[in-house]
2 protein chains.
Amino acid sequence: MFQLLRTHIEKRVRLTDEEFESITRYFSVKKLRKRQFFLQEGNVAKHIGFVNSGCLRIYTIDQKGAEHIIQFGIEDWWVADLNSYLTGQPATYNIDAMEDSELFLLEKTARDKLLDSCPKMERFFRILIESNYVATRQRIVDTLSASAEERYLKFIRTYPKLVEQIPQNQIASYLGITPQSLSRIRKELSGRQPA
Amino acid sequence: MFQLLRTHIEKRVRLTDEEFESITRYFSVKKLRKRQFFLQEGNVAKHIGFVNSGCLRIYTIDQKGAEHIIQFGIEDWWVADLNSYLTGQPATYNIDAMEDSELFLLEKTARDKLLDSCPKMERFFRILIESNYVATRQRIVDTLSASAEERYLKFIRTYPKLVEQIPQNQIASYLGITPQSLSRIRKELSGRQPA
DNA sequence: GAGTTTAATTAACATATGTTAATCTGATTT
DNA sequence: AAATCAGATTAACATATGTTAATTAAACTC
């Protein structure tokens, strides 16, 4: 049941069977159907979610109605509007399922108790978020310094599985360009590097 | 001496005088002259630095030789190449002083000892990096969804002090545009919203 | 299986930002 | 004071990406 989560945590801190068993009691299980929301902008995020299976996306909608995907949430990743979760402010992000998915949810006060009662989990979350921070910063660098084409090529290299799995307009949204531009870029590339 | 650091930490966790006193022993003090490097790309980051005074910048240099500023580090902020610091890999970022600055340094093994011996500091760093993560993510949203002009206006609103303090070409670099473009944008704006 | 929505492609044109190069200013150095 | 240098501005032109709109293809729905 929680095998993936255990492996995920044990990449950062060692746990005994008893410790892990007691940790799982803080989580609840949630299944989402494709297109179903995990969180909507304006609501307060009560949970963070560990993705056990499936795929979600975290995105905003700007004034002009365009969606901008901030992050995909695949197996072994977490999804959350961390600001809303931590501060209780209304969420500014939407999170929904791109395919049928299963999440393990950690409610806010449950996490607070877990952090108080289990120093290893405090450490786990510190390490987890450190690496997320590093990755997010790298994404800023890429966005600032690379052209759309370069970002697309890097995306393919970084998430080859996702490229198969999700529609291209979603990738375009993640890259910060229009689907038309991505289509044009792909055409360019296929001319230059024939399969 | 460490007043700013103490206030900074106590925003997240409460400390007794004794606790804080023992914490300070893990830090060393470093003064940097304007233009002096704190870290150069290719070297391993041995320290993270709390900025007690002055202003630094964290940036990369791309293949074409252009600098991209990822973050400014002003009073009460931390500066680091966290990836290098955590993994021991060569740094991909440069960090240097934009004006004479004073840092409090925390060496890697010193931090590990601090985290082991003081759970409050484990919690402090977890909370600190959570909020950095939130801010960094928001920056991605801004970069993806806003025009250069909008990003500039937001920058002015967010860091009014910095706008006075640092050259415009540095702001352009942070925004991901050329100094010429920023100059053009400012001209546009001054026509539209006369001072 | 017909009809309807969703995704991908293409093309013509529009616009924001980059590039190159020249000028100007003020600061710093000698 | 002269000389040098870094930063800011401007202009002409180049290019990447956006916009609008039409077409096709594929995936659901009834």
Side-chain angles (χ1 to χ4, degrees), chain A residues 33-36 55 57 59 61-69 72 96-100 142-156 162-192 194-195, chain B residues 33-36 55 57 59 61-69 72 96-100 142-156 162-192 194-195:
Chain A
R33 283 284 168 71
K34 184 172 179 172
R35 301 198 150 267
Q36 197 178 336
C55 182
R57 58 185 186 142
Y59 62 99
I61 302 176
D62 68 21
Q63 318 90 313
K64 305 182 75 177
E67 291 177 358
H68 301 279
I69 295 180
F72 294 110
D96 65 16
M98 300 180 69
E99 33 183 275
D100 293 356
D142 295 342
T143 308
L144 288 181
S145 63
S147 68
E149 178 177 310
E150 290 165 328
R151 278 177 278 147
Y152 176 62
L153 289 170
K154 176 151 190 180
F155 184 85
I156 291 176
L162 264 184
V163 175
E164 308 296 316
Q165 209 170 348
I166 67 181
Q168 270 163 38
N169 62 353
Q170 302 297 299
I171 296 176
S173 167
Y174 180 91
L175 297 174
I177 59 177
T178 60
Q180 294 92 323
S181 292
L182 180 54
S183 182
R184 174 165 42 198
I185 286 166
R186 283 162 50 81
K187 191 183 176 188
E188 275 289 315
L189 285 171
S190 74
R192 247 181 294 150
Chain B
R33 282 287 167 70
K34 183 172 179 173
R35 300 198 151 266
Q36 196 177 338
C55 183
R57 58 185 186 142
Y59 62 100
I61 302 177
D62 67 23
Q63 318 92 309
K64 306 183 72 177
E67 292 177 358
H68 300 279
I69 295 180
F72 294 110
D96 65 16
M98 302 180 68
E99 33 183 277
D100 292 357
D142 295 341
T143 308
L144 288 181
S145 63
S147 67
E149 177 177 313
E150 289 166 328
R151 278 177 277 146
Y152 175 62
L153 289 170
K154 177 152 188 180
F155 184 85
I156 291 175
L162 265 184
V163 175
E164 309 295 317
Q165 210 171 348
I166 67 180
Q168 269 163 37
N169 62 352
Q170 301 298 298
I171 297 175
S173 167
Y174 180 90
L175 296 174
I177 59 178
T178 60
Q180 294 91 324
S181 292
L182 181 55
S183 183
R184 174 165 43 198
I185 286 166
R186 283 163 48 80
K187 191 182 176 189
E188 276 289 317
L189 285 171
S190 73
R192 248 182 293 149

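- Of all heavy-atom pairs spanning B:Lys154 and B:Asp142, the tightest one is NZ-OD2, 3.2 Å.
- B:Lys34 is linked by a salt bridge (charged side-chain N to carboxylate O under 4.0 Å, His left out) to nothing, counting only residues two or more places apart in sequence or in another chain.
- For the helix from C:dG1-D:dC30 to C:dT30-D:dA1, the axis fitted to the five pairs at one end and the axis fitted to the five pairs at the other end meet at an angle of 50° (nearest 10 degrees).
- As a whole-Å value, the separation of A:Ile177 CD1 from C:dT9 P is 12 Å.
- Between A:Gln180 and D:dA21 there is no side-chain N or O to OP1 or OP2 distance below 4.0 Å.
- Taking atom CD1 of A:Ile185 as the reference point, atom P of C:dA8 lies 14 Å away to the nearest angstrom.
- With the nearest nucleotide of DNA chain C identified for both A:Ile166 and B:Ser147, A:Ile166 has the one nearer the 5' end.
- Here B:Lys187 does not reach the OP1 or OP2 of D:dA8: none of its side-chain N or O atoms lies under 4.0 Å away.
- One finds no side-chain N or O of B:Arg184 lying less than 4.0 angstrom from the OP1 or OP2 phosphate oxygen of D:dT9.
- To the nearest angstrom, P of C:dT25 lies 16 Å from CD of B:Gln168.
- Distance A:Glu150 CD to D:dA16 P: 11 Å, rounded to the nearest Å.
- Considering only side-chain atoms of B:Arg35, the nucleotide from C:dA11, C:dT6, D:dA6 that sits closest is D:dA6.
- Of the candidate nucleotides C:dA8, D:dC28, D:dT17, C:dA8 has the atom lying nearest to any side-chain atom of A:Pro167.
- The interatomic distance linking B:His68 (NE2) with C:dT17 (C1') rounds to 14 Å, in whole Å.
- Between B:Thr178 and C:dG18 there is a side-chain polar atom (N or O) within less than 4.0 angstrom of OP1 or OP2.
- Between the C1' atom of C:dT10 and the CZ atom of A:Arg186 lies a distance of 14 Å, rounded to the nearest Å.
- Looking at heavy atoms from C-beta onward, A:Cys55 lies in side-chain contact with A:Leu162 at the 4.5 angstrom threshold.
- In this structure, B:Asn169 does not reach the D:dA6 phosphate: none of its side-chain N or O atoms is under 4.0 Å from OP1 or OP2.
- Under the 3.5 Å distance criterion, the side-chain polar atoms of A:Gln170 are left unmatched by any main-chain donor or acceptor of A:Pro167.
- With no hydrogens or angles considered, no side-chain donor-acceptor pair links A:Tyr174 and A:Arg57 at under 3.5 Å.
- In this structure, B:Asn169 CG and B:Glu67 CD are separated by 8.5 Å, a value rounded to the nearest 0.5 Å.
- What separates CG of B:Leu182 from C1' of C:dA16 is a distance of 14 Å, to the nearest Å.
- A close approach under 4.0 Å does occur between a side-chain nitrogen or oxygen of B:Ser181 and OP1 or OP2 of C:dG18.
- For the pair B:Leu144 CG and D:dG18 P, the computed distance is 11 Å after rounding to whole Å.
- Taking the side chain as every heavy atom from C-beta outward, A:Ile177 and A:Tyr152 never approach each other to under 4.5 Å.
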